[in-house]
Chemist: 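Sending over a structure as structure tokens; questions will come in a sec.
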Amino acid sequence: MADRLRVCMILEGSYPYITGGVSAWVQDLILGLPEIEFSLFTLSPKADQEMRYRLPENVKEHKDIVIWKEYESAAHPKNRKGIFAALEQFHNSLMSGSDTALLTLLEQFPEGYYFHRNAVENNIGWNMLTRMNSLKNPLYPFSDYFWAWKSAHTMLFNSIGASPPEADIYHAVSTGFAGIVGLAAKARRKKPFFLTEHGLYHKEREMEIRKAKFVRGYQRDMWIHLYNNLSRLSYRHADRITALFEENRQKQLELGAEERKAFVVPNGIDVDRFSVPRTPRSTGFHIGLVGRVVPIKDIKTYIAMAKIVSEAIPEAVFYCIGPTDEDPAYYEDCKLLVRNLKLDQCFLFTGRQNVLEYYSFLDVVVLTSIREAQPLVILEAYCAGIPFVATRVGNVAEMLDYDDRFIAPLKDAEKLAKGILYIHDHPEEITGMVKNNQYKVRHFYNKTDLMIKFLFHYQELAGAEQTAVSMTRRE
Amino acid sequence: MVAGIGFELRKVVQEGSLGSFIKAALSGTMIVAGPWIVSILSIYLVRRFSGFAFQEQPQLFVAVIVYSYAFSLVLFGGPHFIFTRIIADLLYEKKIEKAGSLLLFFSLCSFLISGGIGFAVISGISPEIPFTGLFKISAVLLFACINVMWVLMLFVSLLKWYGKIFLIYLGGMAAGAAAMFLLGKRFSLSGAVAGFAAGHLLIVLLLFRISFTAYPPSRLLNGSEMILPYAGKYKFLMLTGLFYNLGLWVDKIIFWESAGTKISGTFFRLFDPYDVSIYFATLTLIPGLIYFVIVSEPNFYIYLRKFLLSLGGSEIREIQKKKYTMIAQLKLNLREQSLFQGVVTLCCLILAPAVMRILPGSDNISVLMLTIAAVFFHLLLLTLINFHFYLEFHKYAFLSAAVFCAVNALTSGTVALLGLADIAAGSGYLLGGAAGSAFSGRLLIRNVKNVDRYILAGIKFF
């Protein structure tokens, strides 16, 4: 082990190229642990993306691969014939729900060996593919299945063949292909594999697949199966797993995570920073949503809610505080909706701002997302002494103490409006609630505690006698 | 290569009358072999009647023509395939100006390079004839014009102007023959060569005219920027052209050198017993070629197209069905075409003794019969190579051509060494064609079964 502990963060479609909760968490973790030497291994949809974060000084190396790209192999297996047998066994084991064949497969594939081309060019691989298609997808165009199969396997083989930077611990921030990279590093380099999940990767992918109109027939099942299996493999073989909240931890256990290896480490914020002094405005009732203007935040439901509230509270002012440049078409749609609902005078898109300024005077913070894990914005608002109304996603219900007055189903603008009106009409009751929330955040969601917990996990993993020297085969 | 015109000719045949059949047959003959027949006839007429124009060394005159045609194909056959590919792609993409510009560039390069080669070769000979300077200049001009003519004919063929090609060729050769006789009387052999070269020059100029009228070049572009990448990408296509043409001529070259009559003052040699047999025998290819153009190629194209379309949107069972139907049709086409050509070959073999009596310079019935039989396999090989091209199995087309060339060379070399050229010339052509066809057929049938995998997996054979 080097003088400084080296941790390789394995990231798929997030930091440092995409802004958001996960990326902010990673940045905070790296900055909060200056004694750790970090490296990044990122799996990206395209090359040369713009970095949205300035890498801290303790990030010493960054390797990026394009997950779709067909890389040329730099290494070759010793036993080429064994590869196909191992691959077939792996496929069969995935179907049956076991995963012992993964270990054999990873042993057959050296780092730098990318099998994707051989997988379809070779007769054995082709026969496997056509057999599966005949079994599962006979009534749909074969070419659709072929390209779906090829895409999935290209990503899989890129992950299996990847060469992440040398490190003492491989820390993936999702299951999926990032998890496979971590597993491969554990199998080949005999180093611990640490998995942290914010949401549930396979559930999020499943939602996307079900919405995608171009995914037809068995392809849908194939993709869902694949993602579920990737998550299952990561859960079963990770040396340590953390989830943001207990509900997600339970789901990890259901898919095979060992109880003794799975922990809850909630998000944390800089409580001192977000303990802003209140300077409420003398006029108006100020309602804010802190988030990017993108479909997943469902700004349109927020706008619809604003219409309902503005009719009951004429002096209400609504703020959408966050970058507007990530999805220009959606932003234009939202602006048009504001105009059509005649909210021009009371609804503002502020763009990227210093949220502390807004937290000093906002009366309510709202979250209308259709997908979240453990939103940091709730913690920030609570810390700043602001009540919250949100949609029931991820861990929101638990964070809002399962209080149905302030929790709404997805896209239910009316219920959200009711929550806001309740807050407006019951100021004394809300003051008490706010104090309780501030206490909760300062004592249970402090970022300093978060850093200590992760440092503890890292040190325990690095110092463990048996990390990944041998991966025991499960019965 | 001419699938488009094949469909047109089929429509004529399908009218059902004897007249429509004859019309299609004559049109097909003109399309596939018009210039070739005219060339063969011209050479035959020259050999037969050159005495009317000049007396000295008629064999030198024939040698210049034969060597020009032979080495133009051997040396430039490969690049011609690349040129055809580029032009076909440009026309498909409707880049008309580029097509015309590339034609100009390629023709100029062909002219200059072949002129340079011709000059180097002709400088090394000292024929004992009057007006040697005129002879040498005309020989080099003839060689360069033949090379440019191939390029132009490839271009105009892609445009499917077969009638115009035939008429230009006929007119050019007629003018050349007339010039040959007139200048031959004045300047003897040298004048005859000059006249013949002038006829070819006329053909080249007329072909340029019609080409540039339809596809005017915008400028002289640096074609190497296009040609070199294509040559790299389609190297097997180029090698097929090289080895196929080398395979066609290697036995002739071997027999020229080993058993031929030397033409004094030069290194040229001719071996009449074989050369004359070849001229006649290759004409027996025409019926089979017409069958290929009208029946085999369009049939295969139809089923290939159905299969390719199924890859884009059908379920697996339908794709397999279309693939195996295509394969069955391929085998049927090969069988029926072979049967057809087999009947033609058999008839020619039976008639061979009678034909031999009228062929000048040939008295070896065995050589003639071997050559006629060889043509059967030549057609089969040509067909198989074409089908390989359709499926983009360029590598296998090259291997087929290489086997043909190698077996022909080995066999002909052995025959020459044993001194059996007078009776067994043509056996190399026969065995080479048979071996090449067998090898090619086996490769084709084996690989066409995996064509769906090759296409979807992006496995390239070029």
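Throughout, protein chains are lettered first and strands after them, A, B, ... in sequence-line order, and every chain is numbered starting at 1.
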Chemist: Give a yes or no on whether B:Lys98 atom NZ has more than 12 heavy-atom contacts from other residues, nucleotides or ligands under 6.0 Å away.
Modeler: no

Chemist: List the residues meeting side chain to side chain donor-acceptor pair (under 3.5 Å) with A:Tyr330, not counting sequence neighbours, and say none if there are none.
Modeler: none

Chemist: Step through the shown structure and confirm whether more than 12 heavy atoms of other residues, nucleotides or ligands are within 6.0 Å of NZ on B:Lys321.
Modeler: no

Chemist: How far does CZ of B:Arg317 sit from OG1 of A:Thr130, to the nearest 0.5 angstrom?
Modeler: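 Here the rounded value is 12.0 Å.
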
Chemist: Above 12 or not: heavy atoms from other molecules or residues under 6.0 Å from NZ of B:Lys323?
Modeler: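 Yes, NZ of B:Lys323 has more than 12 neighbouring heavy atoms, counting only those of other groups under 6.0 Å.
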
Chemist: For B:Tyr303, is the OH atom crowded, meaning more than 12 foreign heavy atoms sit under 6.0 Å from it?
Modeler: no

Chemist: Is it the backbone or the side chain of B:Asp452 that comes under 4.5 Å from a heavy atom of chain A, or both, or neither?
Modeler: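 Both backbone and side chain.
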
Chemist: Quick check: closest heavy atoms across B:Leu456 and A:Trp147, and the distance to 0.1 Å?
Modeler: O-CH2, 3.7 Å

Chemist: Of all heavy-atom pairs between A:Ser134 and B:Ile316, which one has the smallest distance, and what is that distance?
Modeler: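 It is OG-CG2, 3.7 Å.
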
Chemist: Return the minimal non-hydrogen interatomic distance between B:Gly312 and A:Ser143, and the atom names on each side.
Modeler: O-OG, 3.0 Å

Chemist: Just verifying a value: how many Å separate A:Phe146 CZ and B:Ile455 CD1, rounded to the nearest 0.5 Å?
Modeler: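 Rounded to the nearest 0.5 Å, the CZ-CD1 separation comes out at 11.0 Å.
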
Chemist: So, taking the atom named CD in B:Glu315 and the one named OH in A:Tyr145, what distance separates them when rounded to the nearest 0.5 Å?
Modeler: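 OH of A:Tyr145 is found 15.0 Å from CD of B:Glu315.
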
